Structures are given as structure tokens and as C-alpha cells.
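Read through the structure below, which is laid out as C-alpha cells, and then see the notes.
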There are 2 protein chains.
Amino acid sequence: MNAKMYTRDDMIELLRKHGINPTHQRIEIAYALFSKQEHLSADQILAIVNTKHSETSKATVYNTLNLFVEKKLIREVIVDPSKVFYDPNTYEHHHFYDVVSGHLTDIDAADFKISGLPQLPAGVITEGIDIIVRIRPQGVAA
Amino acid sequence: MNAKMYTRDDMIELLRKHGINPTHQRIEIAYALFSKQEHLSADQILAIVNTKHSETSKATVYNTLNLFVEKKLIREVIVDPSKVFYDPNTYEHHHFYDVVSGHLTDIDAADFKISGLPQLPAGVITEGIDIIVRIRPQGVAA
DNA sequence: CCAATTATTGGACTTTGTCTAATGATTTCA
DNA sequence: TGAAATCATTAGACAAAGTCCAATAATTGG
């Protein structure tokens, strides 16, 4: 929620901190995500980084986003069957998903009081828990 | 988990109960889902209903699954960016998702003790809460 | 500065899912 | 019953998201 201002230099530092070589394209993609502080899809990011003149290819955007996810710089949010959203906020949190507008909003993990967890199947470890609260504007029909 | 045996007649009754005209194809698709009691994707269902000889088109499978979801006969499960799973179990429950094998398992809603819910944004209603516990076999690397 | 590695690229390709226009099946009710 | 209206199915074209590939470009380390 805090509208922290990021510079491209911040991005370089951030990438290095995650063991990612800070190339031009990667800096721009990171900058798009972190300066907006929003949940963007790959095609939105592609559009943003190419607003002035085409600078980054589709392949690079996908490569880079997957790399960022792998290096835990960002998180994938899977709520819409048709596209993945990328979330620059890696602090533990969950999501409201407006099924009408497609808009995603953060929920602080602390706002969920989960006092009991289900028994894990044998031999597995937990990767993470994703909670999606699907919402709809009052009065808008299903 | 209970391995209830379903007949095609059960499917006809079930479809009628949900206001769905029980056609041949719809009966077969419902039967595939309910007799397996598993989470199937559209292409798996297409394969199942056409095992003996081709009887149902891709368009019909998609039409029918969307209709079933709309009529709340089944539920969509969105965990994998590449495909939707359909879940014949409409009882309130959540999911384990094995990120390595792609396998889905049910979690009874009662096994989660959620004692606090986040404040909803103004003017919206809740459609439902989806909880995905992402798991991975112990020892298998990320 | 050269060689080796690493990154980017356009475009072909794959997969999931939708759309369309035509056909086929059912229902309605005069 | 039988003609019209409605509803369901179909093949195949299409769309969109994402991957793959082989070639080129940039970067890095010695």
C-alpha cells in the first residue's frame, strides 16, 4: 500500500541481491512491476516496457518473469484461467479477486486467523498457502 | 473419499435437479466426473467420453463443463496456469496441490480453523474462498 | 582483446479454450 | 400429428497465452 518510490538503481540492487544479472531488459521489467506496485500480467508488462519504442521481446518478458519467480523476486498469482498475474509483493499475504472486474487486491496474512491446519500427506512439505477470496460488487448478477 | 457408485440414471436425476436437460453427451460427461470422483481437466474428460468411439466434440465438452459450473453441479479449480480442473465435489472444501506431479487432493473445510476473516472492501459480497496448500514431495528440489 | 558464457530476439509452434454457422434433435401446441 | 420454434451438438476456424529454437548480440573473465 505504501507508495514507495523506486529508481532503476534500486532495481539493479534488488536484482543483484537475488543473484540476477541486471541487464537492461530485466531492469525495465522489474521497474515496471515494482514502481506500479500492482498485479500485472505478462502482456501488460510487455506493453509497458515497450511504450516509447519497442525494446524488449515477448520471449524475454516471459523468460524474465519466470526467472524472477524462480529467484523469488516476485510471486505468481493464479486466479484467472486465462492468464497469470505477477505480484511484486513477496511479503506473506493473500488476495481478494473481483470476479467481475478481474481486479486483485492484497490481504495481509495477519488478517486471516488460521488457527488449525490440515494434516499434510506423508512425505511432503508445504510450499505455501494461497488464499483467494472471490468477491463481486453487490448487485451485479452472477 | 467414499467410493459411491453412480449409475447413468443417477446422473439424469442429478442433471434434472440442477435444471439441466439431460442429453446423451451431458450424461456421459457428468458420469465421467462423478464416477471417477477426481479432478479432471477438459481434455481428460474429452478423452474419457470418446474412449470407445468418438461421440462427443470438443465444443460440447467445453459448453457442458461451463454449463455445469454455472448451474453449480461442479466447481472449477484454478491452480495450474495451463489448465482448469473440474471438481465434482461441491461440498465445502479446499485443496492440496502437488506442484511436482500436478495432483490435487481434497481438504475438508472443517480441517481449517479460520477464526478471523479480513474486512471486505465496501460494496462487495463474497463469492467464496479458495485455499490452495501447495505441497512438494520431500527431497524433490524446487 | 579474444574466447566463452549469458542474454535477447523473431517467429514458428503448441495448447487451451472460444466462436460461428450449419445441422440435428426436442419440444410445443394448434 | 406436424410445422415452427427452441435447444443442443458439431467441425473446424480462430484467438490468446505461453514455449521453443536457432541465430545473433551483449557481457564477462582471463
Side-chain angles (χ1 to χ4, degrees), chain A residues 8 11-12 15-16 18-33 39-50 52-71 73-87 99 102 104, chain B residues 11-12 15-16 18-33 39-50 53-71 73-87 99 102 104:
Chain A
R8 280 167 175 81
M11 294 302 104
I12 294 175
L15 292 172
R16 290 232 167 86
H18 285 80
I20 299 170
N21 217 328
T23 64
H24 253 308
Q25 289 87 340
R26 288 169 179 173
I27 294 164
E28 286 310 306
I29 291 169
Y31 185 73
L33 273 161
H39 305 84
L40 301 173
S41 61
D43 65 307
Q44 289 177 306
I45 292 166
L46 182 62
I48 291 169
V49 290
N50 289 331
K52 294 187 184 171
H53 26 77
S54 187
E55 284 164 337
T56 306
S57 74
K58 187 174 67 154
T60 296
V61 169
Y62 280 100
N63 286 344
T64 301
L65 290 171
N66 289 334
L67 178 70
F68 285 4
V69 169
E70 194 185 307
K71 299 286 189 181
L73 195 70
I74 62 177
R75 239 172 66 174
E76 281 180 328
V77 184
I78 301 166
V79 281
D80 181 324
S82 78
K83 64 177 55 147
V84 173
F85 288 98
Y86 295 90
D87 187 343
V99 297
L104 272 170
Chain B
M11 293 302 104
I12 293 174
L15 291 171
R16 289 232 168 84
H18 286 80
I20 299 169
N21 217 326
T23 65
H24 250 304
Q25 289 87 339
R26 288 169 179 174
I27 294 164
E28 287 308 307
I29 291 168
Y31 185 73
L33 273 162
H39 306 82
L40 301 174
S41 61
D43 66 307
Q44 289 177 305
I45 291 165
L46 182 61
I48 290 169
V49 289
N50 288 332
H53 27 75
S54 187
E55 284 163 338
T56 306
S57 74
K58 185 174 68 155
T60 296
V61 168
Y62 279 100
N63 287 345
T64 300
L65 290 171
N66 288 335
L67 178 69
F68 285 3
V69 169
E70 196 185 305
K71 299 288 187 180
L73 194 71
I74 62 177
R75 240 173 65 176
E76 280 181 326
V77 184
I78 301 166
V79 282
D80 181 325
S82 77
K83 63 178 54 145
V84 173
F85 287 98
Y86 295 91
D87 188 343
V99 297
L104 272 171

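Convention: sequence-line order gives letters A, B, ...; per-chain numbering from 1. Please read all numbers here as calculations on a predicted model, not as lab measurements.
Spacing between atom CD1 of B/Ile20 and atom C1' of D/dC7 amounts to 14 Å, rounded to whole angstrom units. Between the CD1 atom of A/Ile45 and the P atom of D/dG18 there is a distance of 10 Å, given to the nearest Å. Note: CG (B/Leu15) to C1' (D/dC7) measures 15 Å, nearest angstrom. Distance A/Asp80 CG to C/dG17 P: 12 Å, rounded to the nearest Å. Rounded to whole Å, atom P of D/dA17 lies 19 Å from atom NZ of B/Lys83. Computed from coordinates, the A/Arg16 CZ to C/dT6 P distance equals 16 Å when rounded to whole Å. At whole-Å resolution of the value, CG in B/Leu65 and C1' in C/dT18 are 14 Å apart. Nucleotide D/dA8 holds its C1' atom 16 Å from the CD atom of B/Glu28, rounded to whole Å.
Remark: the backbone N or O of B/Glu76 is not paired with any side-chain donor or acceptor of B/Asp87 at under 3.5 angstrom.
Legend: residues meeting side-chain contact (heavy atoms from CB on, under 4.5 Å) with B/Glu70, ordered by chain and number and at least two apart, are absent. Legend: residues meeting side-chain contact (heavy atoms from CB on, under 4.5 Å) with B/Ile48, ordered by chain and number and at least two apart, are B/Ala32, B/Lys36, B/Leu40. Legend: residues meeting side-chain hydrogen bond (donor to acceptor under 3.5 Å, both in side chains) with A/Glu28, ordered by chain and number and at least two apart, are A/Arg8. Listed by chain and number, the residues in a side-chain hydrogen bond (donor to acceptor under 3.5 Å, both in side chains) with A/Asp80 are A/Ser82, A/Tyr97 (sequence neighbours excluded).
Residue B/Ser41 is out of contact with every strand shown, counting any heavy-atom pair closer than 4.0 Å.
When the side-chain nitrogen and oxygen atoms of A/Tyr62 are compared with OP1 and OP2 of D/dT19, none of them lie within a distance under 4.0 Å.
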Please list, pair by pair, any protein nitrogen or oxygen found under 3.5 Å from a nitrogen or oxygen in nucleotides 7-13 of chain C.
from, atom 1, to, atom 2, distance (Å)
C/dA7, OP1, A/Arg26, NH1, 3.0
C/dA7, OP1, A/Arg26, NH2, 3.4
C/dT8, OP1, A/Thr23, OG1, 2.6
C/dT8, OP1, A/Gln25, OE1, 3.1
C/dT8, O3', A/Gln25, NE2, 2.8
C/dT9, OP1, A/Gln25, NE2, 3.4
C/dT9, OP1, A/Glu55, O, 2.7
C/dT9, OP2, A/Ser57, N, 2.9
C/dT9, OP2, A/Ser57, OG, 3.4
C/dT9, OP2, A/Thr60, OG1, 2.7

Could you pull out all donor-acceptor pairs under 3.5 Å where a side-chain atom in residues 58-65 of chain B meets a protein atom, sequence neighbours excluded?
from, atom 1, to, atom 2, distance (Å)
B/Thr60, OG1, B/Ser57, OG, 3.2
B/Asn63, ND2, B/Ala59, O, 3.3
B/Thr64, OG1, B/Thr60, O, 2.7

